[in-house]
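One structure is given below, encoded as structure tokens.
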Amino acid sequence: MGEPLRALPVPNMVKSPLLRLLVRYYEHAIERGRLDVLFIVGHMRSGSTLLLHILNSNPAITGYGETHREYRSRRDFARLTLDVCRSFRRLQPRGRYVLDKILYKDYILNPDLIHDARLKLVFLVRSAKESIPSIIRFQPRFIKTEQQALEYYVKQLKMVREYARRKNDRQRSFFLTYDQLTQHTQPLLADLTKFLELETPLSERYETMWSTGERGPHGLGDDSPEIRAGRIVRKRPRKKLRLAPDTTRIGREAYEECLAELPSFCANFVSTNGDGSA
């Protein structure tokens with residue numbers, strides 16, 4: 001299976017059955033434990049694009065961004081694998097993990113699927129005082145006001161907590177914050193490398209790809225110049241945006257609930273200060 005699927009000189013009447021055959025092949029690989037699925041679960045402007053680049057640069061992980069796929073069974077894990085492989089013009093993933101991001105809504109429509117032994121979850125959140133202004137500046141098409149940005153942020157953090165409670169498996173779920181990723185990078189990545197049982201350590205230097213820096217359905221979301229740097233850029237000059245006091249309070253409370261609750265259900269990085277947050 002060395003030649004890219006899109007390059008195969010076959011008509012559509014042959015290619016469609018071939019796609020179905022590939023889905024069955026991937027499903028069999030998942031069932032046999034040769035392939036695992038990895039989800040980054042969080043919210044917009046949490047640093048998920050940065051984390052995805054770091055993960056995808058590891059030879060054991062293949063993913064390009066957020067597929068917006070709905071998950072009801074292991075067959076959907078196999079369809080994710082097909083999406084990812086076709087996007088990279090491969091017939092099979094290069095390593096053990098296939099990666100997706102869940103940032104907009106609850107895409108896991110079958111609650112039982114979250115307990116699947118072949119699924120690992122990495123929860124990533126960022127403080128409201130940084131996330132909400134960044135969401136407003138980013139101007140997603142469904143968020144026009146500060147109140148809508150707050151509602152989205154609180155809703156996603158609630159989903160993060162619900163997923164963590166459902167999974168309740170420290171062997172298959174990991175919790176980190178954006179500050180930990182950017183300020184305690186090396187020890188955090190060492191912990192994440194161990195959690196994912198990777199032979200090659202994760203590094204803050206990463207490879208860019210075809211979707212780096214692009215918005216829209218085929219991009220990764222972060223279109224800033226910094227994401228193209230191939231490394232973590234810790235100082236990002238941004239114009240300060242003052243939030244309403246209620247926005248700040250409600251957002252901070254939602255964030256603090258995650259910091260307090262998720263370490264009970266997930267493996268997590270504990271900073272040198274011992275407080276679990278950088």
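Everything quoted here is computed from the prediction, not taken from an experiment. We're numbering straight along the sequence, starting at 1. Just so you know, these numbers use all the heavy atoms, side chains as well, and skip hydrogens, waters and symmetry mates.
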Within 6.0 Å of CZ in R242, more than 12 heavy atoms from elsewhere: no
Using a distance-only test with no angle check, is there a side-chain donor-acceptor pair under 3.5 angstrom linking [X] and [Y]?
X: S224; Y: E226; value: yes
X: Q92; Y: Y25; value: yes
X: K101; Y: T67; value: no
X: H68; Y: Y107; value: yes

Taking the side chain as every heavy atom from C-beta outward, state whether D116 and V37 have any pair of such atoms under 4.5 Å apart. no
Heavy atoms, side chains only, cut-off 4.5 Å: are I143 and P140 in contact? yes
Where the side chain of S46 meets the backbone of G42, is there a donor-acceptor pair that is under 3.5 Å apart? no
Flag the pair [X] and [Y] as a salt bridge only when some basic side-chain nitrogen lies within less than 4.0 angstrom of an acidic carboxylate oxygen.
X: R165; Y: E261; answer: yes
X: E70; Y: K105; answer: yes
X: D246; Y: R252; answer: no
X: E253; Y: R249; answer: yes

Pair S57-R205, side-chain hydrogen bond (donor to acceptor under 3.5 Å, both in side chains): steps then yes or no: CA-CA 8 Å; S57 297; R205 293 191 174 273; over 6 Å; no
Out of N58, L189, L55, which one pairs with L198 under the side-chain contact (heavy atoms from CB on, under 4.5 Å) rule? N58
Between F39 and the options Y71, Y97, Y163, the ring pair (Phe, Tyr, Trp, His ring centres under 6.0 Å) test singles out Y71
Assert yes or no for the condition that the ring centre distance of F269 to H184 is strictly below 6.0 Å. yes
Residue that, paired with E204, satisfies side-chain hydrogen bond (donor to acceptor under 3.5 Å, both in side chains) out of R231, H53, Q186: Q186
Taking the inter-plane angle between the rings of Y152 and Y104 on a 0 to 90° scale, is it parallel (under 30°), tilted (30 to 60°) or perpendicular (over 60°)? tilted
cation_pi(K120, F195) dist<6.0 Å, angle<=45: yes
Please answer: with hydrophobic residues joined when any side-chain heavy atoms are less than 4.5 Å apart, are F265 and F174 in the same cluster? no
